[in-house]
Structures are given as structure tokens and as C-alpha cells.
Engineer: 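Dumping the structure here so I can ask a few things about it.
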There are 2 protein chains.
Amino acid sequence: MLSDVTRDFILHWGEMGTRWGVNRSVAQIHALLFLAEAPLPADAIVESLGLARSNVSNSLKELQSWQLVQVRHVMGDRREHFVAVTDIAEVFRLIVEGRKQREIDPTLQALRRFASAAEAGREPHVQTRIAEVLAFVGMLDQWYATMTGARGTGPIDYLRMAQEIHRLLHRRP
Amino acid sequence: MLSDVTRDFILHWGEMGTRWGVNRSVAQIHALLFLAEAPLPADAIVESLGLARSNVSNSLKELQSWQLVQVRHVMGDRREHFVAVTDIAEVFRLIVEGRKQREIDPTLQALRRFASAAEAGREPHVQTRIAEVLAFVGMLDQWYATMTGARGTGPIDYLRMAQEIHRLLHRRP
DNA sequence: CCGTAATTTCTGAATTAACAGAAATAGGCA
DNA sequence: TGCCTATTTCTGTTAATTCAGAAATTACGG
């Protein structure tokens, strides 16, 4: 049985998921595992959220492909148990990484094709605009690589650092 | 009649839109206006993309609410013409700003409620996790405010700066 | 090697979102 | 005021997604 807070958190998370192109079940299961104290078998998820077994199974596979959820084995129990990454900064990183791989990278590819085609074409405006988009997305990509590549620093450290630097640069003379 | 590049760009943009929770028509219209050389009346959009007039009307309203598209009036023409923001960095900023207002801010509110409720509750794990999420989202929010609040600097300058600082800090001794 | 429990895959139903067309409204001009 | 054009709102349909249940597969224990 879920507590009120847990239930509300899961519902909100699910709702947010749908807005960001993630299906509700996946987001809810993720929220549940994120708050769970111990690894949960699929059955427990089915009971807690009232979803079909198959749905839970597919959603868990999806979450594993994002590396947000891992399988654990419990001694004397044949079932698989699932845990979510609980470090919120790491969760964030994994989500950004996943979207990058699935969407930004292909978009970069596509933009490069479009840019070539536009150069060959007869539309200076289109050529310029696409070149600018390409440059911008490329820069975001670089920036992301930098941010996550920093040895020993997670996104939180990075954000703190950026803030601090900004304060130094912009403090009143 | 659209050129091949333009058409492909619009299709790709539309596809990306759906992945990020934006409806296809809205994203396509945005792409079309983004590449357009001059302000376009709704009819022209209908013809170019083969959408229903009503759909175009609603989508334009949506885009205006994001400030991504503005209305222009052309002398001697009663119809409204539409232009998109073409500075890609500004487009990026507006999208982030929109999502922040519509989703992050309400989420922050909700998280604060959950955090209070969790404190009152009897689940230390839940309390800790939610507190961490709240802290992290709050930090992102701050960071965003800093990034966009920088006088005279757009996201591009900010990204460049961040990269440069990172290089300085991490260069081999 | 067979039986059982666990899990995944497949298929169809149901829900939701996107969209076109019709009807209604607003805005200007004679 | 009355007409014409542009635009929006409303409503029903279509398409896409989500999801449950059944069937199939896999893994394990005896």
C-alpha cells in the first residue's frame, strides 16, 4: 500500500512524463522504483500501480535501456527484482544522455545532410538558417560532452561552478 | 512549392516535435515559418503543408503563446501574416522558457508540497529522495535564471564561456 | 525430462490526441 | 446597415498510442 506522498509523487511524475514524450506507465514505474526502499519484483509493481503485467514488463525493459533501472537478484527468490538509480543528478544525466543519443545525434546527422543540400540549392535564406541551426546544435552537443566528461564532477558540481563563475564575472564593480 | 531541403527539414522538425511532446502540425508550421523568407498568411501555410485551415489557426495561436511567432500586417492586405523568430539562440531560449513556465515551475510547487508532506510522514527514504529532487530542480531553476539573466549575453555566449572555463580548469598541468 | 513459475511477445481493445470540415463570429468597407 | 472576407470555435472522425489479456517462450527445480 502506497502512502499519500508516494502516490501523489508518482502521479505527478507520470503526468510530467507524458508532457515530455514518455509514456505514463514508464514514468510511474520509474517514480515508484525511485522512491522504493528495496528492490521490487514486477508483481509488486503490478499491485502498487494497478497496471497489467505485460505493461510493467515492457516498461521495465524500456527503463533498463535508459540505464535508469537495473535488475537485482535476491537469494532464494527466482524472480527478478528491480532498482532505480537514486542519485538524482545521475538520473538527470542518464535522461539527457538517452535523449541525446536517440534524438540529438540523429538530428545532427540530418542537419548536416540538409546543410549540404541547401548549399547546393538556390535559396540563400534557407542555407543561412540551416547553417545556423547546425552550428547551434553542434555547440550544444559539445557543451554536453564537456559537462559530462568532467572527471569527478557531476552535473550538480558543474551547475554550482557555473553559477559561481557567473557571480564573479557579473558582480557589481 | 517547397524545395526538397525545406520539405525535409520541416518533416524532420515535425518528427522531433512529436518526440518532445509538441504536436506535429505545430512543429511543422514553426519550421516552415522559420525557413520562410517573408511573412506568410495562414492560407499559404495551408497550401504548403496541406493542413486544414482550422488546424493552422490553432497551431499559430499556440506558437504565438510561446512567443515563437508574431503577427505582421502588410499594407493593403487585410490578412494577418506570420513570422517566426529566426535567431536560433533566441528560439532555444523561448522554448526553454516556455517549458520552464509550464512544467518546471508547477513541478517545483508540487515538490515543495510533497517535501512538506514527506517530512510529516513516517518514511525517511521518501523524505530524503524528495528533498534531493527538490534541491536539484531548484538548482536547475536558479541556473536557468542565471543563464538567461546575463546582461547582453545570449545562450551562445554562455555556452562558449562555459566551454572555455572548463578548458582552463581541466587543462593538463 | 517433465512440470511449474517467471517473463516476454503478440494481438486486439480502449483511450487519447490530432485533425478536417462546418458553423459561427468578428472585422472592416461600401 | 448589410455584405464580404478573414479568423476562430465547435464537433465528429481518423489516426496513433497505450495498455490488458492470451499465448508463447524461457529458466529452473525436481
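Values reported hereafter were calculated over all heavy atoms of this structure, with side chains retained and with hydrogens, waters and symmetry mates removed. So that the names make sense, note that chain A is the first sequence line, chain B the second, and so on, each numbered from 1.
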Engineer: Quick one: B/Leu60 CG to C/dC19 P, roughly how many Å, whole number?
Structural biologist: 13 Å
Engineer: Have a look at B/Gly50 and say if it touches a base, only the backbone sugar-phosphate, or nothing, with a 4.0 Å heavy-atom cut-off.
Structural biologist: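 Since only primed, P, OP1 and OP2 atoms lie under 4.0 Å of B/Gly50, the category is sugar-phosphate.
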Engineer: Within a 6.0 Å radius of atom CZ on B/Arg53, are there more than 12 heavy atoms belonging to other residues, nucleotides or ligands?
Structural biologist: yes
Engineer: Whether the side chain of B/Arg129 engages the backbone of A/Phe34 through a donor-acceptor N/O pair (distance < 3.5 Å, no angle test) should be reported.
Structural biologist: yes
Engineer: Among C/dA18, D/dT9, C/dT9, which nucleotide has an atom closest to any side-chain atom of A/Ser54?
Structural biologist: C/dT9
Engineer: From NE2 of A/His81 over to C1' of C/dT7, roughly how many Å is that when rounded to an integer?
Structural biologist: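 Between C1' of C/dT7 and NE2 of A/His81: 13 Å.
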Engineer: What's B/Asp43 touching, base or sugar-phosphate or nothing? Going by heavy atoms closer than 4.0 Å.
Structural biologist: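 Since no nucleic acid heavy atom lies under 4.0 Å of B/Asp43, the category is nothing.
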Engineer: Could you say whether A/Asn58 or A/Asp77 is positioned toward the 5' end of DNA chain C, judged by the nucleotide with the nearest heavy atom to each?
Structural biologist: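 The answer here is A/Asp77.
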Engineer: For B/Arg112 and B/Leu134, work out which heavy atoms get closest and say how close.
Structural biologist: CG-CD1, 4.0 Å
Engineer: Check whether any side-chain nitrogen or oxygen of B/Lys61 sits under 4.0 Å from OP1 or OP2 of D/dT9, and answer yes or no.
Structural biologist: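 So the side chain of B/Lys61 is within the cut-off, an N or O lying under 4.0 Å from OP1 or OP2 of D/dT9.
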Engineer: Expressed in angstrom and rounded to an integer, what is the separation of A/Asn55 atom CG from C/dG12 atom C1'?
Structural biologist: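 Whole-Å distance recorded here is 15 Å.
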Engineer: So, is B/Ser57 close to the D/dT8 phosphate, meaning a side-chain N or O under 4.0 Å from OP1 or OP2?
Structural biologist: yes
Engineer: Please state how far atom CD1 in B/Ile45 lies from atom P in C/dC19, giving the value in whole angstrom units.
Structural biologist: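 Taking atom P of C/dC19 as the reference, CD1 of B/Ile45 is at 14 Å.
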Engineer: Rounded to the nearest Å, what distance is computed from the CZ atom of residue A/Arg53 to the P atom of nucleotide C/dA5?
Structural biologist: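 The answer, rounded to whole Å, is 14 Å.
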Engineer: Tell me: CZ of A/Arg19 to C1' of C/dT16, nearest whole Å?
Structural biologist: 15 Å
Engineer: Given atom NE2 of B/His73 and atom C1' of C/dG27, what is their separation to the nearest angstrom?
Structural biologist: 11 Å
Engineer: When rounded to the nearest 0.5 angstrom, what is the spacing between CG in A/Leu60 and NE2 in A/His30?
Structural biologist: 11.0 Å
Engineer: Reckon A/Arg79 touches a base, only the sugar-phosphate, or nothing at all at heavy-atom distances under 4.0 Å?
Structural biologist: sugar-phosphate
Engineer: Give a yes/no on whether any side-chain N or O of B/Ser25 is located under 4.0 angstrom from OP1 or OP2 of C/dC19.
Structural biologist: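 True: B/Ser25 side-chain N/O within range (under 4.0 Å) of C/dC19 OP1/OP2.
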Engineer: Of the options C/dA6, D/dT8, D/dA20, whose atoms approach the side-chain atoms of A/Arg78 most closely?
Structural biologist: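 Between C/dA6, D/dT8, D/dA20, the one nearest the side chain of A/Arg78 would be C/dA6.
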Engineer: How long is the line joining CD1 of B/Ile29 and P of C/dA18, in whole Å?
Structural biologist: 13 Å
Engineer: Quick one: closest heavy-atom pair of B/Ser3 and A/Glu123, and the distance?
Structural biologist: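 That would be OG-OE1, 2.8 Å.
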